[in-house]
Amino acid sequence: MAAESPKASRESRAQLRQMLGIGAIASVLGIALGLLIDWFPAQGSEQARSVDTVWDVLIIASVPVFVLVETIVIYSVWKFRMRPGEELKDGPPIHGNTTLEIVWTAFPAIILVALCAYGFSVLTDIEKAQGKDKTLKVHVSAEQFAWSYTYPASGGGKPIVSNQLYLPKDKPIYFEVTAKDVIHSFWVPAFRMKTDAVPGIKTHVRVTPNRLGTYPVVCAELCGIGHSVMRSTAHVVTPAAFAAWLKRERAPLGAAGGGATAGGGAANAGKAIFTSTETACGSCHTLADAGTSGKIGPDLGKFLKGHDKAFIHESIVNPNAYVEKGFPKGVMPGNFGQTLSPQELSALVDYLTKVTR
Ligand code: CUA
């Protein structure tokens, strides 16, 4: 660089100070804003706190970098803009600055390596196995466009398959995740943990739910036309309530009657099943009686008219047996035969037969 006069060097040092001053104030404001915004739902697992801390650290580390770059760009555009009469002027020729280059290569490299190491250590920590006998294994199966959960057999019983995810509070859960067709992603935002469901391999994710409540389970990988309705609910309940739920699910057919059919009559039970978040029938189907207006599948009021119980039953458990003209095959989940109990299924069939007659 050409030697500067003392006055010019004083001036450029003043500009640098001004620029750093603006950058520092903007960084503080940006960090404060980043930390104040409520980005996530309530923390529903032991892992959530650590994940949220990682997020805060990333905000603190990345906001100043963003602000510094933007400040330099905007400051330079404003301060060193071309003024009238300067059209033919050019700046002094610059042939690089080795010190600066070393600094701006080394500094980001150090920040990156430090953040990676920190993120890796947090992940290792929150995914630590808690011991096989302490952990509950739940198999998660994804398919277009539904989730089903399998709980291992215990005491000689059959494994339980459900479209409802029930979890006991404070119990470490080991989710084993698979997919039947395309790639999906199993995510409970309140738990903060997520893993892809990939056909042909098993992925896993560990979570210890520590807050009672119901939380949405969502698919976080674009998987087809029904991706946005591929949802279910995680119920975190007390260990006693979980044991009671398992017992109900395990009860021999006809004994317990199924949660949805208890009380209220079969027709009401059928409507409750139709509109529940577990089946979410209404997110794809229009049905006037249930007040739903989904457009992905056929309007059931029109389409089911004149069909008998056997046809409706078949259309639920084997949706591809008959596909209404103008609607693509393979969109409706094929697992309702497994995830609904026989009582729930017959209540649903009765209901649909009645309201579409
Ligand atoms: Cu399954 Cu998106």
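These numbers come from a predicted model, not from an experiment. Whatever order the structure lists them in is the order used to number ligands and atoms, beginning at 1.
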List the atom pairs, donor and acceptor, that lie under 3.5 Å between side-chain atoms in residues 102-113 and the rest of the protein, sequence neighbours left out.
from : atom 1 : to   : atom 2 : distance (Å)
T105 : OG1    : E101 : O      : 2.8

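Donor-acceptor pairing under 3.5 Å is recorded for the side chains of S185 and D196.
If you chain together hydrophobic residues whose side chains sit under 4.5 Å apart, W55 and V122 never meet in one group.
Shown here are the protein N/O/S atoms lying under 2.8 Å from atom 2 (Cu) of ligand 1, water excluded: C219 SG, E221 O, C223 SG, H227 ND1.
Residues that satisfy the salt bridge (Lys or Arg N to Asp or Glu O under 4.0 Å) test with K137, not counting sequence neighbours, are E176. Applying the side chain to side chain donor-acceptor pair (under 3.5 Å) rule to Y151 yields no partners; only residues at least two apart in sequence or on another chain are considered.
Taking the six-membered ring for Trp and the full ring otherwise, H204 and F175 have centroids separated by 6.0 Å or more.
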